[in-house]
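What follows is a single structure, written as structure tokens, with notes after it.
Counting convention: from 1, in listed order, for ligands and their atoms alike.
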Amino acid sequence: MSPPPADPKPVSPKPGHSKAPKGPDMRVKIAGVELSSPVIAASGTFGYGVEFEDILSLDRIGAFVTKGLSREPMAGNPSPRIIETPAGMLNAIGLQNMGVQAFIAQKLPKLRTMKGAVTIANVFGYTIEDCIEVIHALNDAPGISMYELNASCPNTSHGGMVFGTDPESLYHLAGRCRQIAKRPLMVKLSPNVTSISLMARVCADAGADAISLVNTFLSLAIDIETRRPRIANVTAGLSGPAIRPIAVRMVHEASRAVKIPVVGMGGIVRAEDAVEFMLAGATAVEVGTASYADPRAVENIATNLKKWCAAHNVERVTELTGAAIL
Ligand SMILES: Cc1cc2nc3c(=O)[nH]c(=O)nc-3n(C[C@H](O)[C@H](O)[C@H](O)COP(=O)(O)O)c2cc1C
């Protein structure tokens with residue numbers, strides 16, 4: 001179910017985007033928001049977007065998702081909070097961010113001047129009221145196309161159970177946020193569940209306009225010499241190529257369970273990985289950890305995806321969505 005177009009309206013891509021470009025048509029639509037490419041920079045790995053101004057061209061990627069934004073600024077967890085693993089990384093950054101008001105005052109004005117920037121604001125909180133307050137603040141700020149609601153946070157008013165692992169909490173979170181959001185709401189699912197299809201359906205039933213998945217997998221690494229955790233927070237989230245096949249399976253299951261668009265992610269480092277997620281059912285993809293190895297990764301993947309489509313006679317990238325023969 002799409003929300004009625006609200007005021008302020010979702011930022012539409014700049015004039016020119018809706019004209020079919022030369023070569024394969026890479027445009028996709030998520031909940032009424034048209035993107036010039038299905039390749040999006042993922043939350044927490046792309047700062048507030050402005051940091052990438054001199055590194056890549058924001059108009060060559062579909063969109064970017066901001067760091068998670070909370071009601072108040074947050075310092076995050078103590079160090080060490082990032083380590084490399086054989087095929088990915090563990091992080092327990094602890095959702096460090098400047099807070100929603102500082103984002104609106106200090107980052108959004110600059111973002112609005114950046115050519116082709118399509119901004120998706122990632123929102124989180126430890127209670128539903130926290131999330132609602134963040135969305136309220138963002139609702140009146142121009143220059144945002146969509147919200148991505150991070151459901152991987154503990155719900156402190158319900159014993160700390162992660163919203164996205166409890167169907168009832170997830171339903172209330174998604175439903176209440178949908179009611180007040182003046183822009184399309186995409187709910188980002190936790191993969192730390194038994195049935196991702198159930199969680200996807202819960203979001204769709206609550207009125208979410210899209211879902212994205214996966215967030216990181218709950219993990220633990222132990223230093224065998226000191227016998228202590230390698231990350232100060234003890235547990236951490238695993239991301240990167242190590243999780244890709246699990247993420248592809250989850251995107252496939254989620255996309256079969258709902259009619260709303262699914263945005264897939266987890267270990268995408270090459271255009272071919274993005275193709276795999278789309279074949280599994282994703283309308284668009286997000287790229288996270290790859291930006292740590294190469295800050296231009298998102299742009300390179302977007303460029304190479306277009307080349308891949310041209311080489312494989314794919315006229316419209318939308319043809320790939322759900323086209324796996326399974
Ligand atoms: C350092 C780091 C910080 C992250 N911060 C956030 C965040 O603030 N909000 C969020 O929804 N996801 C966050 N994520 C999760 C990513 O957006 C993404 O869902 C996950 O890393 C899987 O994709 P990847 O394998 O391409 O990195 C973070 C991931 C990393 C590695």
Side-chain angles (χ1 to χ4, degrees), residues 39-49 51 61 63-70 73-77 79-100 103 120-126 131 134 146-154 162-164 173 177 185-192 196 210-219 231 233 236-248 250-251 254 262-271 273-274 276-277 282 284-295 297-298 300-301:
V39 183
I40 300 169
S43 180
T45 62
F46 208 75
Y48 300 104
E51 298 87 342
I61 67 174
F64 79 93
V65 187
T66 65
K67 249 176 194 275
L69 300 167
S70 51
M74 283 180 49
N77 290 326
S79 293
R81 51 188 197 173
I82 286 191
I83 57 169
E84 224 177 300
T85 65
M89 65 189 264
L90 289 186
N91 96 82
I93 302 287
L95 297 164
Q96 174 190 22
N97 78 103
M98 67 197 310
V100 67
F103 169 74
I120 299 176
N122 184 284
V123 170
F124 74 94
Y126 294 96
C131 295
V134 176
M146 197 188 303
Y147 302 135
E148 181 179 65
L149 176 65
N150 178 1
S152 293
C153 282
V162 170
F163 281 108
L173 175 72
C177 289
L185 181 78
M186 175 159 78
V187 181
K188 184 168 179 182
L189 299 180
S190 164
N192 303 308
I196 200 74
I211 51 172
S212 56
L213 68 155
V214 294
N215 212 315
T216 56
F217 285 80
L218 192 59
S219 304
I231 294 275
N233 184 59
L238 178 64
S239 61
I243 68 172
R244 192 167 59 234
I246 320 177
V248 170
M250 289 187 150
V251 164
V262 174
V263 174
M265 78 199 88
I268 295 175
V269 295
R270 306 175 311 154
D273 305 331
E276 190 180 1
F277 273 90
V285 297
E286 293 184 24
V287 175
T289 301
S291 294
Y292 275 77
D294 173 6
V298 191
N300 291 339
I301 293 168

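With a heavy-atom cut-off of 4.0 Å, Asn215 touches ligand 1 through backbone and side chain alike. The side chain of Tyr292, and not its backbone, has at least one atom closer than 4.0 Å to an atom of ligand 1 (non-hydrogen atoms only; side chain from C-beta on).
When each atom of ligand 1 is checked for a heavy atom of Gly267 under 4.0 Å away, the hits are 24 (P), 25 (O), 26 (O). Counting atoms of ligand 1 from 1 in the listed order, those under 4.0 Å from a heavy atom of Ala42 are 17 (O). Contact atoms of ligand 1 toward Gly68: 8 (O) (distance under 4.0 Å to a heavy atom of the residue). In the vicinity of Leu95, heavy-atom distances shorter than 4.0 Å reach the ligand 1 atoms 7 (C), 8 (O). The atoms of ligand 1 that sit less than 4.0 Å from any heavy atom of Thr216 are 20 (C), 21 (O). Proximity to Asn122 (heavy-atom distance under 4.0 Å) selects the following atoms of ligand 1: 9 (N), 10 (C), 11 (O). Residue Gly240 approaches ligand 1 through these ligand atoms, each under 4.0 Å from one of its heavy atoms: 25 (O).
Taking both residues in full, the closest heavy atoms of Ala75 and Gln96 are given as O-CG, 3.6 Å, listed atom of the first, atom of the second, then distance. Taking each heavy atom of Gly264 and Val251 in turn, the nearest pair found is CA-CG2, 3.8 Å. Listed here is the closest heavy atom pair of Ile82 and Ile231: N-CD1, 3.8 Å.
Ranking protein heavy atoms by distance to atom 5 (N) of ligand 1, first place goes to Gly44 CA, 3.3 Å. The protein heavy atom nearest to atom 26 (O) of ligand 1 is Gly288 N, 2.9 Å. Regarding atom 29 (C) of ligand 1, its nearest protein heavy-atom neighbour is Asn91 ND2, 3.7 Å. Regarding atom 12 (N) of ligand 1, its nearest protein heavy-atom neighbour is Lys188 NZ, 3.0 Å. Remark: minimum distance from atom 22 (C) of ligand 1 to any protein heavy atom is reached at Val214 O, 3.7 Å. Residue, atom and distance of the protein heavy atom nearest to atom 7 (C) of ligand 1 are Ser43 OG, 3.3 Å. For atom 21 (O) of ligand 1, the closest non-hydrogen atom of the protein is Ser239 CB, 3.3 Å.
Backbone and side-chain nitrogen or oxygen atoms of Lys67 are examined, and none is located within less than 3.5 angstrom of a nitrogen or oxygen of ligand 1.
In this structure, Leu189 and Val214 have side chains that are not in contact, with every pair of non-hydrogen atoms separated by 4.5 Å or more.
Residue contact annotation: Gly266 has a non-hydrogen atom under 4.0 Å from ligand 1.
Just one residue in the list Lys188, Lys67, Glu148 forms a side chain to side chain donor-acceptor pair (under 3.5 Å) with Asn122, and that residue is Glu148.
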